[in-house]
Amino acid sequence: MTTPVALTIAGSDSSGGAGIQADLKTFAALGVYGASAIAALTAQNTRGVTGIHAVPADFVTAQIDAVFSDLDVGAVKIGMVAQAASIDAIAAALSRWKPQHIVLDPVMVATSGDRLLASEAVDALRTRLMPLASVITPNLPEAAALLGEPIAASEAAIEAQGRRLLALGCRAVLIKGGHGEGAESTDYLVTSAHSLALPAPRIATKNTHGTGCSLSSAIAAELAKGAELEPAVRTAKAWISAAIASADRFSVGHGHGPVHHFHKFY
């Protein structure tokens with residue numbers, strides 16, 4: 001029996017709703033064994049981030065090497081990387097180990113509005129990590145920030161930004177529509193072959209902490225299980241929509257509460 005394995009390289013969320021903790025919960029919920037390499041520690045809860053401690057770059061490398069030298073990693077998810085030195089270390093390690101699938105979630109700002117990526121590290125993320133990615137999963141503000149452009153306000157503008165992001169070297173782009181408006185939250189999957197709109201009903205809840213982390217991890221989990229990209233994205237979107245719809249069954253914290261990763265089980 002082969003056990004599908006996914007590795008998350010990201011930051012730790014001390015309150016458990018986002019980051020490494022959300023990624024590992026997502027892997028488990030979708031039947032995938034999760035490993036982790038922690039790039040940063042955050043002092044964080046549902047109300048915001050009060051502190052960030054970046055893990056030394058050489059120790060990020062050591063964690064990645066330890067996992068790949070022993071585990072058969074089917075897919076990698078990259079989330080919060082915090083600083084340029086970590087980006088360089090991650091890019092070098094993944095270039096050596098050459099995993100088949102890399103899902104890059106270009107985390108810049110938390111749900112609470114707190115900045116999670118040093119401004120001077122954005123260019124390193126754009127030039128070092130994006131060309132390695134099978135798919136990147138920016139939200140609307142992140143897509144605009146990566147391009148140095150205003151936030152796209154129409155379907156045509158979103159798809160055009162997706163094309164420009166694709167030109168930076170990644171193999172596919174999923175621009176998430178959660179920050180948009182209207183009755184539907186539409187994500188756009190852009191590849192060299194086509195653009196695909198993936199609508200879902202917009203769910204009225206403040207409990208969306210960890211949504212982006214969990215969606216990218218769900219895509220990585222499905223890729224680790226052998227799915228092709230489009231089916232992986234569709235399955236992940238359906239799963240995160242259900243996790244958001246079930247979020248109000250939780251009562252965790254006093255700010256933006258977490259989504260319900262294990263909604264299928266309790």
Side-chain angles (χ1 to χ4, degrees), residues 6-28 34-67 73 75-94 102-126 128-130 132-133 136-139 141-142 145-146 176 208-221 240 252-253 255-259 261:
L7 166 66
T8 170
I9 306 171
S12 169
D13 171 5
S14 53
S15 68
I20 289 280
Q21 288 83 351
D23 297 340
L24 294 175
K25 290 174 185 177
T26 300
F27 295 159
S36 64
I38 298 176
L41 307 175
T42 69
Q44 181 176 175
N45 57 31
T46 63
R47 288 172 163 163
V49 179
T50 56
I52 295 175
H53 176 72
V55 173
D58 60 349
F59 198 72
V60 175
T61 299
Q63 293 174 80
I64 296 170
D65 287 346
V67 172
V73 177
V76 175
K77 174 262 170 80
I78 305 172
M80 177 188 178
V81 290
Q83 60 176 349
S86 297
I87 291 171
D88 290 341
I90 293 163
L94 295 182
I102 298 175
V103 181
L104 172 60
D105 187 24
V107 177
M108 297 181 189
V109 178
T111 302
S112 59
D114 296 287
R115 189 167 189 89
L116 298 176
L117 180 67
S119 55
E120 65 272 15
V122 174
D123 189 59
L125 187 147
R126 188 188 296 118
R128 298 295 314 277
L129 290 182
M130 281 183 60
L132 300 177
I136 67 169
T137 61
N139 58 33
E142 289 163 349
L146 287 168
K176 300 173 294 191
T208 56
H209 186 57
T211 301
C213 304
S214 302
L215 175 61
S216 57
S217 294
I219 295 170
I240 194 63
V252 177
H256 293 281
V259 302
H261 294 91

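One-based numbering along the sequence shown. Below, each value reflects all heavy atoms present in this structure, side chains not excepted, and no hydrogens, waters or symmetry copies.
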With side chain to side chain contact (heavy atoms under 4.5 Å, CB included) as the criterion, how do I78 and L94 come out once you've worked through the C-alpha distance, each side chain's angles and the decisive distance to 0.1 Å?
CA-CA 11 Å; I78 305 172; L94 295 182; 3.7 Å; yes
How many angstroms lie between OG in S12 and CG in D23, if you round to the nearest 0.5 Å?
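These two atoms lie 10.5 Å from each other.
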In Å and rounded to the nearest 0.5 Å, what is the CG to OG1 distance from N45 to T50?
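One finds 7.0 Å between CG of N45 and OG1 of T50.
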Please list, chain by chain and in numerical order, all residues satisfying side-chain hydrogen bond (donor to acceptor under 3.5 Å, both in side chains) with [X], sequence neighbours excluded.
X	answer
D65	R96, W97
Q63	none
S36	none
T61	none

Enumerate the residue pairs fulfilling salt bridge (Lys or Arg N to Asp or Glu O under 4.0 Å) with a member in residues 48-57, sequence neighbours excluded, ordered by first and then second residue.
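Every candidate salt bridge (Lys or Arg N to Asp or Glu O under 4.0 Å) pair involving residues 48-57 fails, so no pair, neighbours aside, qualifies.
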Contact summary for [X] and [Y], nearest pair of heavy atoms:
X	Y	answer
A18	G210	CB-CA, 3.7 Å
T42	D13	OG1-CA, 3.6 Å
D123	R126	OD1-NH1, 2.9 Å
V55	A40	CG2-N, 3.8 Å
V252	P258	CB-CD, 3.7 Å
A121	I87	O-CD1, 3.5 Å

Give the C-alpha distance, both sets of side-chain angles, the deciding distance and a yes or no for side chain to side chain contact (heavy atoms under 4.5 Å, CB included) between L104 and L132.
CA-CA 9 Å; L104 172 60; L132 300 177; over 6 Å; no
Quickly, which of L125, V76, I9 forms a side chain to side chain contact (heavy atoms under 4.5 Å, CB included) with I90? Name it, please.
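Running side chain to side chain contact (heavy atoms under 4.5 Å, CB included) over L125, V76, I9 with I90 returns exactly one hit, I9.
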With sequence neighbours excluded, residues passing side-chain contact (heavy atoms from CB on, under 4.5 Å) with A220
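A220: side-chain contact (heavy atoms from CB on, under 4.5 Å) contacts with F27, A75, K77, V103.
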